[in-house]
Amino acid sequence: MSIFVTRDTRLVVQGITGRDGSFHAKQMMEYGTRVAAGVTPGKGGQRFEGKVPIYDTVADAVRETGANTSVIYVPARFAPDAIFEAADAGLKLIVCITEGVPVLDMTRVLPFVREKGARLIGPNCPGAISPGRAKVGIIPGSICKQGSVGVVSRSGTLTYEIIHHLTHADMGQSTCVGIGGDPLIGTNFIDCLAAFEEDSGTRAVVIIGEIGGTDEQDAATFVKEKMKKPVVGFIAGQTAPPGRRMGHAGAIISGSSGTAAEKMAAFEAAGISVMKRPADVVPLLKKRL
Amino acid sequence: MSIFVTRDTRLVVQGITGRDGSFHAKQMMEYGTRVAAGVTPGKGGQRFEGKVPIYDTVADAVRETGANTSVIYVPARFAPDAIFEAADAGLKLIVCITEGVPVLDMTRVLPFVREKGARLIGPNCPGAISPGRAKVGIIPGSICKQGSVGVVSRSGTLTYEIIHHLTHADMGQSTCVGIGGDPLIGTNFIDCLAAFEEDSGTRAVVIIGEIGGTDEQDAATFVKEKMKKPVVGFIAGQTAPPGRRMGHAGAIISGSSGTAAEKMAAFEAAGISVMKRPADVVPLLKKRL
Amino acid sequence: MNLHEYQARHILKTAGIPVPDGDVASSPAEVEAIARRLGKGVVVKAQVHTGGRGKAGGVKLAKDPAEAQSVAGRILGMQIKGLTVHKVLVAPAADIASESYAGIIVDRSSQRPVVMVSPAGGVDIEEVVAKTPEKIFRHAIDPRFGLLPHQAMGLALKLYPGVEQARKAADILQRLYQVMLSTGASLVEINPLITTLDGGVEALDAKIVVDDNELDRRPEIAALRDASDEADSERRAREANLTFIKLEGDVACCVNGAGLAMATMDLVKFYGGQPANFLDIGGSSNPQKVVDALSIITADPNVKSILFNIFGGITRCDDVANGIVTATKQLKFSLPIVIRLTGTNEKEAMEILTANGFNAGTDMDEAVKQAVALAKQAA
Amino acid sequence: MNLHEYQARHILKTAGIPVPDGDVASSPAEVEAIARRLGKGVVVKAQVHTGGRGKAGGVKLAKDPAEAQSVAGRILGMQIKGLTVHKVLVAPAADIASESYAGIIVDRSSQRPVVMVSPAGGVDIEEVVAKTPEKIFRHAIDPRFGLLPHQAMGLALKLYPGVEQARKAADILQRLYQVMLSTGASLVEINPLITTLDGGVEALDAKIVVDDNELDRRPEIAALRDASDEADSERRAREANLTFIKLEGDVACCVNGAGLAMATMDLVKFYGGQPANFLDIGGSSNPQKVVDALSIITADPNVKSILFNIFGGITRCDDVANGIVTATKQLKFSLPIVIRLTGTNEKEAMEILTANGFNAGTDMDEAVKQAVALAKQAA
């Protein structure tokens with residue numbers, strides 16, 4: 001009925017007493033997510049909002065509460081170790097919201113996470129939401145609606161824009177996943193597409209890419225070769241100049257590679273319906289369903 | 001009919017143009033081992049003894065000759081990288097004769113070797129010989145005889161002493177393996193015992209241990225729980241003082257642990273017949289066969 | 001962040017990589033002094049963050065100190081691709097026997113640092129990749145184990161068949177990886193890596209691109225930033241923690257989120273306009289950010305209309321509205337503003353804007369169309 | 001190789017670990033000067049490579065420089081477990097709030113460096129392991145990733161519930177691992193790791209054992225060896241590249257290979273004798289090694305007979321035979337020698353020995369029995 005984030009999600013919030021962590025922990029609780037524990041070293045024994053127990057370490061939190069998922073809101077300089085810690089504690093899903101993690105740190109974090117058999121979403125991502133079930137991250141619950149469209153994106157607010165169109169057209173979502181805008185991320189398009197293809201609650205998928213790298217091209221190949229469900233796509237950055245980093249660390253056209261044009265062509269060739277503008281998502285999806 | 005080293009062994013000798021490497025390469029060739037290639041950076045294209053092609057890298061040697069096993073005779077400061085290189089080149093058996101490899105280097109080498117799916121024997125070991133088939137390392141072929149006794153040892157010349165007794169009593173060997181005297185080694189007693197237990201050519205096993213660590217105790221547990229074949233054992237170092245490194249880096253009694261007495265007791269308790277002196281190997285084995 | 005050649009050279013040298021002698025100067029007199037100290041023919045190289053210096057006349061040989069001085073007089077102050085040359089590197093003219101390439105980048109697909117070497121050095125490596133890919137040799141470094149000696153040697157032997165030079169190159173590659181780690185670089189590059197007539201292997205030119213995310217924890221690297229080499233607007237944006245890139249159009253875009261900012265630019269183009277910039281005001285909703293953003297945008301004389309596109313999530317729409325009100329009072333510009341706001345605290349934002357005489361909508365397409373039309377009217 | 005406390009302290013301090021002030025001295029006058037500089041009560045600690053210094057009277061408090069001088073006069077030159085005290089460490093008497101233990105060893109079973117911490121510090125850690133194992137906390141470091149911050153913090157929180165002190169201890173643990181890597185140590189230990197009355201966390205005593213195999217590539221560490229702290233025979237053996245350990249018996253053993261050397265000692269005991277030493281002449285067969293070995297053995301007045309036990313593999317028996325002949329001519333001792341040789345070039349060896357008036361056999365048991373009997377005759 002959804003991917004990654006489900007009714008069984010039992011969440012530990014790393015950095016729960018920080019500015020962002022506390023704000024979003026509350027939002028997630030209000031949305032109905034089971035926030036089992038928080039972690040802030042030195043605040044072990046306290047409770048967040050009088051309810052959620054806080055621990056000094058993720059290992060303590062997992063042992064005491066049986067949490068299975070972590071979401072990370074700690075500052076960038078602590079984020080790599082927060083991911084290491086979550087994986088070390090045996091959590092199988094780790095969502096890192098934090099922006100600004102050095103890419104060389106990620107070259108060490110990613111193999112560690114994989115060896116531990118965990119899935120990392122992010123860093124520098126808005127997280128995931130399965131509307132009506134649970135949300136892990138910062139995607140506003142109010143713009144979503146339960147349904148059967150899967151959404152996967154490298155972006156944050158652009159994703160909200162597209163979800164917004166879907167919800168207004170009464171096309172609810174099974175799960176929306178923001179995989180993050182960094183060049184090195186734990187979960188890529190293909191991981192999500194494969195999960196959506198498997199998920200009985202998903203009937204169609206929206207993929208939102210941008211300039212930089214070749215993940216969209218790889219995703220197109222996957223769609224062509226492995227997917228039966230209809231896919232609609234968008235690429236941001238048609239007007240981006242080459243060689244400049246467009247906000248996201250990963251959004252940079254290197255030489256002639258990574259352009260929006262080549263990605264849109266790859267989508268078209270793979271049978272993905274390509275939006276010209278975000279608003280196109282609704283008519284294109286209707287055509288494919 | 002033998003373990004690790006067989007008629008199918010196709011050997012690459014790392015450091016074939018060095019003093020030790022060239023001497024033992026000749027010995028191995030004379031014994032009938034298929035020495036497929038040698039490696040010495042900068043001597044690629046030459047031939048050893050006019051026969052064996054030399055390559056600059058192990059990868060070249062493997063690609064060109066299909067070698068499946070490596071033996072390492074390079075100086076200690078190059079030995080860790082030689083092991084890395086052999087594992088990187090896809091060799092599945094790596095025998096490191098070199099003595100004096102720092103133990104911290106081994107903490108990095110060992111996981112690398114395992115990830116590559118390779119087996120390392122040593123370092124600081126005499127290698128292995130399957131009499132009548134092939135020898136990889138430095139155990140003198142002349143003292144061995146083909147037969148059905150498996151020998152595994154942490155020592156060098158002490159092993160020769162015991163093989164010598166066996167051969168004189170007409171008790172030939174399936175394979176003799178010297179696993180090395182260092183505290184961190186690639187292949188331990190249990191690996192060899194398990195292989196001997198599986199090997200149809202081995203009827204009984206001789207295990208030669210020494211003071212330091214708890215490998216002998218672990219081996220005893222393995223013999224008790226997993227082995228059907230008879231095992232005869234020896235422990236060197238009954239008269240060794242605690243806290244002193246007896247030649248081998250691994251042969252040191254720490255506090256009250258790692259003594260010969262506790263190891264001999266563990267052997268006895270596991271049903272391993274314990275020799276009082278090397279010469280006892282023959283009568284004890286006869287009793288068990 | 002790009003380092004200058006002279007900065008990268010210094011880092012490589014400190015890391016034990018052989019680099020020819022040389023020094024940086026910002027006046028012809030300094031250049032003359034350096035050339036005299038070097039005591040032979042020199043090369044004078046413009047230090048600017050752009051390729052194609054040679055073609056632009058920014059790299060010149062000089063046979064003696066006097067010529068070096070006069071050459072420097074022509075290079076210093078010249079414009080290369082819109083950037084003014086403030087500094088030059090003065091180095092001995094090298095006795096080059098061969099030119100190779102050696103670089104390490106963080107590769108997205110393998111998710112590892114990848115070493116690339118090529119015997120075809122001294123030219124644009126992307127061209128080599130495109131035209132003669134068989135001349136490129138790669139190794140993806142496993143960061144858990146580092147660049148192992150035999151791996152470096154395997155690559156080095158692709159450059160130099162002779163084992164002595166290969167050993168030197170292998171050593172350079174290992175040190176280059178250490179430079180990458182110690183500077184927090186996403187790219188380190190030696191191009192050309194030369195052999196000298198007496199058999200040495202040296203880094204003749206060096207490039208280091210530092211991951212911006214590393215700068216917080218590496219103040220010594222951050223201190224190498226050359227602000228004179230940045231467009232003024234981009235420097236101000238960076239200092240205000242905004243992500244801003246100037247473009248050539250006339251519709252200024254002020255958006256929260258990088259993806260939405262790009263999509264907004266694209267939609268401007270879609271409706272027949274030209275975006276004047278990329279601008280991401282980020283996730284937090286400090287009204288001051290809006291003031292800074294408008295101040296930077298309105299300094300661009302090309303701008304004819306201003307478009308706000310805000311999808312409130314973490315960003316609160318009312319904060320943005322307050323920022324707009326404050327900024328327009330402070331800055332006193334007369335450009336038309338089109339505002340699109342939706343999401344968190346949308347209602348409060350609309351009230352603030354209406355009370356202050358602004359119109360605002362909730363539809364992105366409508367807002368973009370309007371901003372494009374306004375820019376066209378003004379042109 | 002063991003480092004002295006004062007050497008280990010210096011290394012820790014250089015690595016950024018807080019270590020109390022203090023200095024090393026080899027005369028009471030120096031001690032007085034250091035105590036005066038420190039300006040308060042001091043502790044004077046004998047620098048010898050053995051445990052139990054305190055019980056032996058090698059660690060003393062002094063309330064002022066004069067007392068420090070007089071205390072040092074008693075400690076310097078004293079014998080602790082057979083070792084003469086040549087140096088003392090003078091450090092301020094610490095204001096100790098608590099004592100913990102922190103150490104890292106290379107662990108054989110996990111094949112990794114294992115960090116061990118215990119709130120029960122200041123005592124022999126092996127005793128804590130044996131008696132109150134629940135007070136020991138361990139973490140096996142994955143050397144591919146290092147000691148990660150949260151792992152260090154997890155251990156530190158076992159020592160100090162307060163997060164401030166835990167952060168300091170975690171930092172110390174991470175630096176301690178760096179010390180292990182940079183010195184090539186097989187053991188690094190802080191015992192006690194103290195908290196001070198003002199909340200600091202400091203290394204009061206430090207121990208570093210360097211892996212002998214690291215010394216070749218770390219000359220700066222090898223230079224820290226204190227030869228005055230070695231038995232003379234063992235120093236000579238080390239310089240001659242022999243592995244020699246002096247024991248209390250009277251049958252000297254000269255063997256090739258460590259395992260066979262131990263088995264030979266054991267067999268001496270088995271036949272009722274007592275081995276005088278462990279001696280491995282190693283794999284190569286340089287006759288000079290035999291000369292050096294005999295020279296060291298015969299310097300021990302306890303020795304009553306000499307037993308050679310050689311199994312020729314790489315070692316050639318004829319080389320050993322030549323060594324024996326040369327040595328007995330050079331050294332002119334009158335101790336009986338029993339020789340057992342077999343393996344590579346056994347026949348040639350027998351000929352050499354016979355020609356020079358020696359008897360030799362090929363059976364280990366026979367040789368050992370004979371050597372034991374000869375020692376008993378001489379006693």
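Below, each value reflects all heavy atoms present in this structure, side chains not excepted, and no hydrogens, waters or symmetry copies. So you know, we letter chains A, B, ... as the sequences are listed, proteins then strands, and number each from 1.
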Tell me, side chain or backbone of A/Pro278 under 4.5 Å from chain C's heavy atoms, or both, or neither?
side chain
Quick check: do A/Lys276 and C/Asp266 have side-chain heavy atoms less than 4.5 Å from each other?
no
Before accepting this row, confirm whether a basic side-chain N of the pair A/Asp105/C/Arg217 lies closer than 4.0 Å to the acidic partner's carboxylate O.
yes
Can you check whether A/Ile211 reaches A/Thr259 side chain to side chain, under 4.5 Å on heavy atoms?
no
Would you mind reporting whether C/Phe278 and A/Thr239 have side-chain heavy atoms less than 4.5 Å apart?
no
Less than 4.5 Å to any heavy atom of chain A: does that hold for the side chain of C/Asp363, its backbone, both, or neither?
neither
Could you tell me whether the side chains of A/Thr167 and A/Gln173 share a donor-acceptor contact shorter than 3.5 Å?
yes
Could you tell me which residues satisfy ring-ring contact (aromatic ring centres under 6.0 Å, His included) with A/Tyr73, sequence neighbours excluded, listed by chain and number?
A/His24
Residues 108-124 of chain A vs chain C, non-hydrogen distance cutoff under 4.5 Å, contacting residues -> A/Arg108, A/Leu110, A/Pro111, A/Arg114, A/Glu115
Side chain / backbone / both / neither for C/Asp216 at chain A, heavy atoms under 4.5 Å:
neither
Measure A/Phe234 against the heavy atoms of chain C and call it side chain, backbone, both or neither at under 4.5 Å.
side chain
With only heavy atoms counted, which part of A/Pro140 is less than 4.5 Å from chain C, the side chain, the backbone, both or neither?
side chain
For a quick check under 3.5 Å, do A/Thr159 and A/Ser153 share a side-chain donor-acceptor pair by atom type?
yes
Is C/Ile141 close to chain A through its backbone or its side chain, or both, or neither, when contacts mean heavy atoms under 4.5 Å?
neither
Which portion of A/Thr157 sits near chain C, non-hydrogen atoms under 4.5 angstrom
both
Could you tell me which portion of C/Ala130 (side chain, backbone, both or neither) has an atom closer than 4.5 angstrom to a non-hydrogen atom of chain A?
neither
Flag, side chain of A/Asp182 to backbone of A/Leu184, donor-acceptor distance under 3.5 Å
no
Donor-acceptor side-chain pairing of C/Asn309 and C/Thr264 below 3.5 angstrom:
yes
As an exercise: rank A/Asn188, A/Ile235, A/Val103 by heavy-atom pairs under 4.5 Å with chain C and give me the winner.
A/Val103
Basic-acidic side-chain contact under 4.0 Å: C/Lys369, C/Glu366
yes
Heavy-atom donor-acceptor pair, C/Asn345 side chain to C/Arg316 backbone, under 3.5 Å:
no
Which residues satisfy the salt bridge (charged side-chain N to carboxylate O under 4.0 Å, His left out) test with C/Glu189, sequence neighbours excluded?
none
I'd like to verify something: which residue of A/Met246, A/His164, A/His248 has the highest number of heavy-atom pairs under 4.5 Å with chain C?
A/Met246
C/His139 vs C/Leu147 side-chain heavy atoms within contact, under 4.5 Å:
yes
A/Pro183 vs C/Arg108 side-chain heavy atoms within contact, under 4.5 Å:
yes
Is chain C contacted by the side chain of A/Glu210, its backbone, both, or neither, given a heavy-atom distance below 4.5 Å?
side chain
Contact origin within C/Glu234 toward chain A - heavy atom pairs under 4.5 Å
side chain
With a 4.5 angstrom heavy-atom cut-off, could you sort out which part of A/Ile208 is near chain C: side chain, backbone, both or neither?
neither
Going by atom types alone, do C/Glu346 and C/Thr342 pair a side-chain donor with an acceptor below 3.5 Å?
yes
C/Lys246 atom NZ, over 12 foreign heavy atoms within 6.0 Å
yes
Considering heavy atoms only, which positions within residues 214-222 of chain A lie below 4.5 Å of chain C?
none
For A/Arg245, is it the side chain, the backbone, both or neither that has a heavy atom under 4.5 Å from a heavy atom of chain C?
both
Would you say the side chain of C/Leu242 lies within less than 4.5 Å of the side chain of C/Ile296, judging by non-hydrogen atoms?
yes
Top contributor to chain C contacts, counting heavy-atom pairs under 4.5 Å, from A/Ala76, A/Gly213, A/Ala251:
A/Gly213
